[in-house]
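Shown next, in structure tokens, is the structure this report addresses.
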Amino acid sequence: MVKTADDNWLYVISHKRKLIELNFTEIWRYKDLLFLFVKRDIITAYKQTILGPLWYIIQPLFTSVIFTLIFNNLGQIKTGDINPFLFNLTGITLWNYFKQCLTGTSSTFTKNQNIFGKVYFPRVIMPMAVTISNLVKFGIQLLVLIGFYIYYLLRGDTLVLEPQYLLLFPIYVLMMALFSLGLGMLLSAMTTKYRDLTVLVSFGVQLLMYLSAVPYPLEEARAKFPPMVANLVELNPLSQIIEGFRFMVLNVGQFEMDKLLYSFIICILLFLFGLIVFNKTEQSFIDTV
């Protein structure tokens, strides 16, 4: 507890918490600590590596090449008038932001148990720091995407960019951040009791990628998948986000406002549910990890 000059308590550290609590005032007081964790995550990601930040360029490029060879050349997945490599790179760029945020936040309690057990600060700062620091990696990969977009445009490919849809860019990034943060906090709370869930996260993320229309357009899923699987893919809010992002950048696929609202509502609900579970686990996690 901290006392002010007039003997009023500034804030009280207690195990009793509200069901949904995201104290922006307290987080703002610890903004320097938040920026410190963001800086730490960025620096440690490049420390003691041969290629440093080049890994964030190499990974999406190699993945896009593999997707092009397997899904487009071998599997005959059609991408309309858009070059398959550029199509895959667009989806992978946004997906990687989600993946890195999810894997980084899903082990918040187990990775930081020593810090959490010694000093108090708002625990939600940790997953927030991961989500913010990954924006730097996303920015690097976004520059790579822009570079290839310009290359294919200069080469004479048919690429139509609708400026009005670019206004949706921060909304798509925000939805990915909320979805990954909510799911990551939920998984982080569960891994305090069930450690083997950390092993399943990487496998689950890979499976989720194929159910999120990353290597194929939704139109191909409707045409080639069994109805049950196609419906599952279409109901997945991540599929709608990826499809909308590709439509915004490449003008391929479909954009429907009701699907955007549906995805946004799901992302908010998942974030709030993850926050509730995270706050609940925060009260007693130190006894179980």
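Residues: numbered from 1 along the sequence shown.
- Here CG of Leu94 is found 10.0 Å from CG of Leu145. Values are rounded to the nearest 0.5 Å.
- A distance of 9.5 Å separates CZ of Arg155 from CG of Leu86, quoted to the nearest 0.5 Å.
- Counting non-hydrogen atoms of neighbouring residues, nucleotides and ligands closer than 6.0 angstrom, the CG atom of Asn231 exceeds 12 such neighbours.
- Note that the CG atom of Leu208 and the CG atom of Leu102 stand 8.0 Å from one another [nearest 0.5 Å].
- Hydrophobic clustering (ILVMFWY, side-chain heavy atoms < 4.5 Å, transitive): Leu186 and Val130 are in distinct clusters.
- Minimum heavy-atom separation, Ala177 to Thr131: CB-CG2, 3.8 Å.
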- Item | Ile140/Ile57 under side chain to side chain contact (heavy atoms under 4.5 Å, CB included): CA gap, chis, key distance, verdict | CA-CA 7 Å; Ile140 294 173; Ile57 299 176; 3.9 Å; yes
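- Closest non-hydrogen pair, Pro170 versus Leu166, comes out as CD-O, 4.1 Å.
- Across all their heavy atoms, Ser239 and Ala213 have their closest contact at OG-N, 3.8 Å.
- Between Tyr97 and Phe138, the two ring planes are tilted [angle within 30° to 60°].
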- Apply side chain to side chain contact (heavy atoms under 4.5 Å, CB included) to Lys137 and Gln100, showing your working. CA-CA 9 Å; Lys137 305 168 190 175; Gln100 289 160 0; 3.8 Å; yes
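- Here the closest heavy-atom approach between residue Asn236 and residue Ser212 is recorded as ND2-OG, 2.9 Å.
- Taking every heavy atom of both residues into account, Ile242 and Gly91 meet most closely at CD1-O, 3.8 Å.
- We find the OG1-CH2 distance between Thr63 and Trp95 to be 12.5 Å, quoted to the nearest 0.5 Å.
- A salt bridge links Arg246 with Glu243: the distance from a Lys NZ or Arg NE/NH1/NH2 to an Asp or Glu carboxylate oxygen falls below 4.0 Å.
- Side-chain atoms of Asn134 and Asn96 form no donor-acceptor pair, as typed in the model, at a separation below 3.5 Å.
- Counted within 6.0 Å of CZ on Phe273, heavy atoms from surrounding residues, nucleotides or ligands total 12 or fewer; the atom is thus considered open.
- Annotation: side chain of Ile77 is in contact with side chain of Lys224 (closest heavy-atom distance under 4.5 Å).
- Taken together through direct or relayed side-chain contacts under 4.5 Å among Ile, Leu, Val, Met, Phe, Trp and Tyr, Val233 and Tyr210 form part of one hydrophobic cluster.
- Residues passing the salt bridge (charged side-chain N to carboxylate O under 4.0 Å, His left out) test with Lys39: none are found, sequence neighbours excluded.
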Distance-only donor-acceptor pairs under 3.5 Å for side chains of residues 259-272, two or more places apart:
| residue | atom | partner | partner atom | Å |
| --- | --- | --- | --- | --- |
| Lys259 | NZ | Glu234 | OE2 | 3.4 |
| Tyr262 | OH | Leu235 | O | 2.5 |
| Ser263 | OG | Lys259 | O | 3.0 |

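- A continuous path of ILVMFWY side-chain contacts below 4.5 Å connects Leu238 to Met257, so both sit in one hydrophobic cluster.
- Residues Leu174 and Leu167 do not share a hydrophobic cluster, clusters being chains of Ile/Leu/Val/Met/Phe/Trp/Tyr side chains in contact below 4.5 Å.
- Atom CG of residue Leu181 and atom CZ of residue Phe98 lie 11.0 Å apart, to the nearest 0.5 angstrom.
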- Task: Report the C-alpha distance between Val252 and Phe247 in whole Å, list the side-chain angles of each, state the deciding distance to 0.1 Å, and finish with yes or no for side chain to side chain contact (heavy atoms under 4.5 Å, CB included).
- Result: CA-CA 5 Å; Val252 63; Phe247 180 85; over 6 Å; no
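- Other residues, nucleotides and ligands contribute over 12 non-hydrogen atoms within 6.0 Å of the CD atom of Glu220.
- Residues Thr105 and Met126 are not in side-chain contact: their nearest non-hydrogen atoms beyond the backbone lie 4.5 Å or more apart.
- Hydrophobic cluster membership is shared by Ile82 and Tyr151, with clusters built from Ile, Leu, Val, Met, Phe, Trp and Tyr side chains linked at under 4.5 angstrom.
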- Message: Show, in sequence, the C-alpha distance, side-chain angles and deciding distance for Val65 and Leu61, and conclude whether the side chain to side chain contact (heavy atoms under 4.5 Å, CB included) test is met.
- Response: CA-CA 6 Å; Val65 170; Leu61 293 180; 5.6 Å; no
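- Separation of atoms CZ (Phe87) and CG (Leu250) is listed at 8.0 Å; rounding is to 0.5 Å.
- Side-chain contact between Ile66 and Asn88 is absent, with no heavy atoms from C-beta onward closer than 4.5 Å.
- A search for ring-ring contact (aromatic ring centres under 6.0 Å, His included) contacts involving Phe148 returns Phe85, not counting sequence neighbours.
- Between Phe245 and Thr90, the shortest heavy-atom distance links the atoms CE2-O, 3.6 Å.
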- Steps toward ring-ring contact (aromatic ring centres under 6.0 Å, His included) verdict (Phe71, Tyr216): CA-CA 8 Å; Phe71 290 98; Tyr216 54 85; 7.2 Å; no
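- Looking only at distances, no side-chain donor or acceptor of Ser188 sits under 3.5 Å from a matching main-chain atom of Gly184.
- The shortest distance between side-chain heavy atoms of Ile241 and Met176 falls below 4.5 Å.
- The shortest distance between side-chain heavy atoms of Val277 and Met190 does not fall below 4.5 Å.
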